[in-house]
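These notes concern the structure reproduced below.
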Amino acid sequence: EHHAFWWNSPRLADLPWLRTFDSAPVPTVVARNFGAAWPTVLNGLGADLSPAIHAFGERFPSLAGWYTTQIARPPRTFIHGDLRLDQLFFGVEPGDPDVTALDWQVSAVGRGAYDVAYFLSQSLATDTRRSCEPDLLARYLDRLATHGIDYPATEFARDYRLTTAWCFTYPVLAAGLVDLANERQLHLIRTMLSGAVAAIDDHDALALHPD
């Protein structure tokens, strides 16, 4: 419903603080921070990663600009940008909103698949995601269609795969900010990484690249 409300809306232009994913300095900052965090991931969790993911991590800083350009293509909507399960609170009493989303500090304008792909790949256990993913993706497109929005399934699938690969940045950047000697933090990062990598593999997301 949120995506539909803002879909390709001229009202987005009235929010100058809400910028596209490829606006400077986002690609440069992400690339730099990823490059700084990647050695920490390799030192702490490298044994958990496949050769293909190792290669992707090494190359990722050079791809950041391409990914953000792809994600920022029109048609665009208002993207939360960090839509995780622990950002959502669900109503339990009469009169409560059905759902309230917190932490909009990395919001942006971009492709609608972004929030969907990030949420499903890193908020759901892999087995859970696999069991309900096709139905949830179809439901998302159906809900947009009720608002007269045609997000072609082939475009949506490509955007979903792109975002799944891009969102590998979240656990990598998080790993660069925490002490991986702390067992609780190590478990959190490992869970985020494993979910991201499983989704990347399931959707052959690394097959999408500029060359």
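In this text, all values refer to a predicted model and were calculated from it rather than measured experimentally. What's counted below: heavy atoms across the whole structure, side chains too, no hydrogens, waters or symmetry copies.
L42 contributes atom CG, which lies 11.5 Å from atom CD1 of I53 (distance to the nearest 0.5 angstrom). The structure places CG of D142 at 10.5 Å from CG of D135, a figure rounded to the nearest 0.5 Å. Expressed to the nearest 0.5 Å, how far CZ of F119 lies from CZ of R129 amounts to 12.5 Å. Atom CG of residue D201 and atom OG of residue S50 lie 6.0 Å apart, to the nearest 0.5 angstrom. Atom-to-atom distance recorded for I71:CD1 and R76:CZ is 12.5 Å, nearest 0.5 angstrom. With rounding to the nearest 0.5 Å, the separation of CG in L102 from OG1 in T100 is 7.0 Å.
Annotation: side chain of E1 is in contact with side chain of R143 (closest heavy-atom distance under 4.5 Å). Taking 4.5 Å as the limit, every side-chain heavy atom of P61 sits out of range of all side-chain heavy atoms of L63. For the pair V109/I79, no side-chain contact is recorded, criterion being any heavy-atom separation below 4.5 Å from C-beta on. Looking at V172 and I189, their side chains never come closer than 4.5 Å, going by heavy atoms from C-beta outward. Counting only heavy atoms from C-beta outward, the side chains of D48 and V197 never approach each other to under 4.5 Å. Residues E133 and T128 are not in side-chain contact: their nearest non-hydrogen atoms beyond the backbone lie 4.5 Å or more apart. The closest side-chain heavy-atom distance from L12 to L18 is below 4.5 Å.
You'll find the ring centres of F60 and W166 inside the 6.0 Å limit. Aromatic ring centres of Y118 and Y170 lie closer together than 6.0 Å. Ring centroids of Y67 and F21 are separated by 6.0 Å or more, keeping the two rings apart. The distance between the ring centers of H2 and F78 falls below 6.0 angstrom.
For S23, the side chain to side chain contact (heavy atoms under 4.5 Å, CB included) test picks out R19, T20, with sequence neighbours left out.
The closest donor-acceptor contact from the side chain of D96 to the backbone of E93 lies under 3.5 Å. Side chain of R161 to backbone of H203: a donor-acceptor contact under 3.5 angstrom is found. Not one N or O on the side chain of H3 forms a donor-acceptor pair closer than 3.5 Å with the backbone of T77. Under the 3.5 Å distance criterion, the side-chain polar atoms of T163 are left unmatched by any main-chain donor or acceptor of Y160. Looking only at distances, no side-chain donor or acceptor of R111 sits under 3.5 Å from a matching main-chain atom of A72. A donor-acceptor pair is defined here as one N or O able to donate and one able to accept, closer than 3.5 Å; such a pair exists between the side chain of H80 and the backbone of D82.
For the pair R11 and F5, the cation sits on the ring face: its NZ or CZ lies under 6.0 Å from the ring centre, inside 45° of the axis.
By the criterion of side-chain heavy atoms lying less than 4.5 angstrom apart, applied directly or through intervening Ile, Leu, Val, Met, Phe, Trp or Tyr residues, L15 is grouped together with W104 in one hydrophobic cluster. Criterion: ILVMFWY side-chain heavy atoms under 4.5 Å apart, direct or through other members. Under it, F89 and V92 are not part of a common hydrophobic cluster. The hydrophobic clustering, which links ILVMFWY residues whose side-chain heavy atoms are closer than 4.5 Å, places L193 and L173 together. Hydrophobic cluster membership differs between V106 and V29, with clusters built from Ile, Leu, Val, Met, Phe, Trp and Tyr side chains linked at under 4.5 angstrom. When the side chains of ILVMFWY residues are joined at heavy-atom separations under 4.5 Å, either directly or via intervening members, L208 and V30 end up in a single hydrophobic cluster.
Residues D159 and Y151 have side chains that bring a donor and an acceptor to within less than 3.5 angstrom of each other. In this structure, a donor-acceptor pair under 3.5 Å is present between the side chains of R158 and Q70.
Shortest non-hydrogen contact noted between L124 and C132 is CD1-SG, 4.1 Å. I149 and A4 make their closest contact through CD1-CA, 3.6 Å (heavy atoms, listed as atom of the first residue, atom of the second, distance). Among all heavy-atom pairs drawn from D115 and G81, the shortest one is OD1-N, 3.0 Å.
Atom CG of D98 sits in a sparse spot, with 12 or fewer heavy atoms from other residues, nucleotides or ligands closer than 6.0 Å.
Between D211 and R59, at least one side-chain N (NZ, or NE/NH1/NH2) sits under 4.0 Å from a carboxylate O, which counts as a salt bridge.
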